[in-house]
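Below is one structure, written out as structure tokens; comments come after it.
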Amino acid sequence: MNIYFKPLKVVIHLLKIENLHAEAGGKEILKGIDLEIGDGRTCVLFGPNGSGKSTLLAAIMGLGHCKITKGRIIYDNTDITGMPIDERAKLGIGMMMQRPPNLVGVKLRALVNAVSDDADAVIKKADEFRMDGFLDRDINVGFSGGEIKRSELMQLTAQRPKFVLLDEPESGVDLESIGLVGKKVHELLCGGPQCNSPNNVSALVITHTGQILDHIGADDAYILVDGKIKCSGRPMGLLKDIRERGYRECIRCGMVKM
Amino acid sequence: MRNGKDVSASLKKKAAYGPDVNIDEFKVGTYAPERIGDLSDASDDVKERMANVGVVPCGASRSGTILFLDNGPSHVSRGSDDVEIMPIREAAKRYDLSEYLWKAVDPGKDKYTSKTYLEDSDGYFIRAKAGRHVKDPVQTCMIINRSRQMQNVHNIIIVEENASLEVITGCTTNKHVNESLHVGVSETFIKDGGSLTFTMIHNWGDATHVRPRSATILGKNAKFVNNYVLLKPVASVQSYPAAYLNGEGASAKYSSICLAHEGADIDFGSLVEMNAPGTSAEIVSRSITLGGRMITRGRLIGNAAGAKAHLECRSLVLKDGGLTLAIPELESSVADVEMTHEAAVGKIARDQVEYLMMRGLTEDEAVGMIVRGFLEGGINGLPDELKDEIDAAIGKANLGS
């Protein structure tokens, strides 16, 4: 008799979300989210408009417009549910916003200097982000869609997070810039152009088009609908299903036991 | 006596704006202060106070320096032949100043101008010679040296035809000086094609009342840039400098950054009269209320065709209890003018603070960075020393929630 021992899989959860409920604008948006993201893994979050994807990212980052009413967020074995934003950032959480605010009077150079231990090195590489002409401009003021993303990526590169929240990194980016944005997201996640970092950065990525998946290797994918995770699977498989059959059909077939 | 008119009746005349000050409570400061030959020989106190208002004690990178302690000149030096600098009492002996003295400011305007007129006050006289480009700035410094005193000065700046000049003026009180009053009448004349950048930095004691009375008359294609910086606590400031664009194509820009600390009563405005065709003006004011009273005025008057002007008044209210009042005014007497204004009063946007916190800055650091940007955005080409002063003021103001 052949006894097959399944090898014990040790999963270290960098992020663990338990029964998370949250409100935004006085309305319940997240209605009981359970989610685990393993150390070094890249997870993709799909879902129709208004399903709560950005609110989930805001809850993890601790942004004020999102009010957590129930549940917990554990990051690196620390309960961060009520923690101020900057303390989360110091623990290694970083975020690329879809539509960041204009910072009138705050120059990109000044922020990179304030954020990075090695700001000179990052500023020297501004041309890699095609941001060398933007260092002394007010952040996001008059920036195009692509410029906003490249500025966000340069700031995140200065910040060196361990876990990044990317809210539609490809949205508003022209075809010419998308390759550069993809490359820089890839480098951010694997610690540099050579991808030789011993510790990969973990990520939770919102994407509608899946374009960013041409540039980064994603491990897991989830579909968020009406404030709940309805589906999980392999990113490319789920994306294909959504493209061919739409969210509704995809959810019906792919309903998982969470 | 240079002054012939009888304006003594105006000694009781209150100013149109700002809290009234009883000038009889203040003794007129000495006209014969200690003379300082070399600025490096000044006392450490004086040196420190000068440095705080952007006046370089060594006088390097300056075309000249004139220092007033109380009501008299204490130091005059000059490093350029392109410009003349001397006390106005001396200038009045040397030149016929009748076409300048009290020609931009009416001595009977209020009690402060009247007092200065009747005192026949001293002050600085600066003349940039025709066609000369004065390379480095001229610096002037006004220090009130004793408590319960009034400093009266009467200044004249003349920028002759096609000359260009930059003046930095720092006004302050010496250490340990409490209640005091500063009255500064400044009359500026920029002739055809001339250009003047005038930067005034105020760093008074917290019990000082300040009543500048300034006016500038511009000729054809003349250009005037006026910057005003007030970051430190003060009892009260009421100032409403005016520019009269009397020559075709003349332009004026007034920029100001003010902090109204708790207990301060600040009423600051700028007025530009566009009296010739094709003139233009801009007024930009950035102010922050930290529990004090902050009134910002701006008045643009279009009296000639093709006049073009914009007024921008932005205020941040960072603490309760004070008052913020923005009064932008546009006035026109002819059809072909284009004048606009915008005013905004509010708090720092929360999403901007959170954006910076997301990058790891604490809330205080994030607010400080936004406030610094807000203030620095008020003046183009702000010198680094002033940026440091802004940082220091923000640091001390304890802006976190």
Side-chain angles (χ1 to χ4, degrees), chain A residues 24 57-58 60-66 83-117 119 122 136-141 148 151-165 167, chain B residues 229 231 255-257 259 284-288 312-316 318 342-382 384 386-388 390-391 393-395 399-401:
Chain A
L57 263 52
I60 298 170
M61 193 71 242
L63 301 184
H65 68 268
C66 169
M83 191 180 264
I85 301 167
D86 57 314
E87 287 176 33
R88 297 181 202 221
K90 285 189 182 91
L91 288 179
I93 303 178
M95 180 164 173
M96 179 174 174
M97 284 186 140
Q98 194 194 348
R99 278 187 289 272
N102 286 349
L103 276 100
V104 177
V106 179
K107 313 287 181 211
L108 183 56
R109 186 193 301 276
L111 184 54
V112 168
N113 274 324
V115 161
S116 176
D117 303 328
V122 180
D136 295 305
R137 282 187 45 182
D138 293 357
I139 295 169
N140 301 328
V141 178
I148 286 176
S151 146
E152 294 274 287
L153 282 165
M154 188 175 156
Q155 293 171 43
L156 280 170
T157 302
Q159 210 181 334
R160 296 168 58 102
K162 287 195 293 184
F163 174 56
V164 279
L165 302 160
D167 195 346
Chain B
V229 178
L231 298 170
S255 303
S256 62
I257 55 182
L259 247 63
V284 177
S285 100
R286 301 278 168 102
S287 65
I288 293 181
E312 179 192 310
C313 231
R314 290 180 188 276
S315 301
L316 281 179
L318 297 185
E342 52 182 316
V345 175
K347 61 176 184 177
I348 296 175
R350 187 66 203 166
D351 60 344
Q352 295 181 21
V353 176
E354 291 193 345
Y355 184 80
L356 296 178
M357 289 175 75
M358 232 168 62
R359 300 285 179 245
L361 273 65
T362 64
E363 182 160 1
D364 284 1
E365 289 166 345
V367 168
M369 193 176 251
I370 292 165
V371 167
R372 187 178 309 127
F374 171 81
L375 290 177
E376 288 181 5
I379 295 181
N380 285 341
L382 202 63
D384 286 343
L386 270 182
K387 288 184 180 171
D388 294 345
I390 288 179
D391 285 352
I394 292 168
L399 302 176
S401 59

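So that the names make sense, note that chain A is the first sequence line, chain B the second, and so on, each numbered from 1.
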Item checked: Selection from A:I93, A:I139, A:N102 maximising heavy-atom pairs under 4.5 Å formed with chain B ->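 The answer is A:N102.
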Note to self: Please identify, among A:A89, A:G62, A:P101, A:G94, the residue contributing the most non-hydrogen atom pairs under 4.5 Å to chain B.
What the structure shows: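 Result: the option with the highest number of such pairs is A:P101.
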Item checked: Separation between CD of B:E363 and CD1 of A:I85, rounded to the nearest 0.5 Å ->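 These two atoms lie 8.5 Å from each other.
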Next item on the list: Evaluate the side chain to side chain contact (heavy atoms under 4.5 Å, CB included) criterion for residues A:V112 and A:M154: first the C-alpha distance (whole Å), next the side-chain angles of each, then the deciding distance (0.1 Å), finally the verdict.
Entry: CA-CA 8 Å; A:V112 168; A:M154 188 175 156; 4.1 Å; yes
Notebook entry, point to check: Quick one: what part of A:M61 sits under 4.5 Å from any heavy atom of chain B, side chain, backbone, both or neither?
Noted result: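 Only the side chain of A:M61 comes within 4.5 Å of chain B.
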Notebook entry, point to check: Checking heavy atoms, do the side chain of A:N140, its backbone, both or neither come under 4.5 Å from chain B?
Noted result: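 Contact with chain B is through the side chain of A:N140 alone.
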Got a list of side-chain donor-acceptor pairs under 3.5 Å for residues 367-380 of chain B, not counting sequence neighbours?
unit_1, atom_1, unit_2, atom_2, d
B:R372, NE, B:D391, OD1, 2.4

Next item on the list: Kindly write out the residues that satisfy side chain to side chain contact (heavy atoms under 4.5 Å, CB included) with A:A58, not counting sequence neighbours, or none if the list is empty.
Entry: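 Expected list: A:L63, A:H65, A:C66.
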Next item on the list: May I ask you to say whether A:D136 pairs ionically with A:K107, meaning some side-chain N is under 4.0 Å from a carboxylate O?
Entry: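 Looking at A:D136 and A:K107, the cut-off is not met.
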Next item on the list: Under 4.5 Å, counting heavy-atom pairs only, tell me which of B:E354, B:R359, B:Q352 racks up the most with chain A.
Entry: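 Result: the option with the highest number of such pairs is B:R359.
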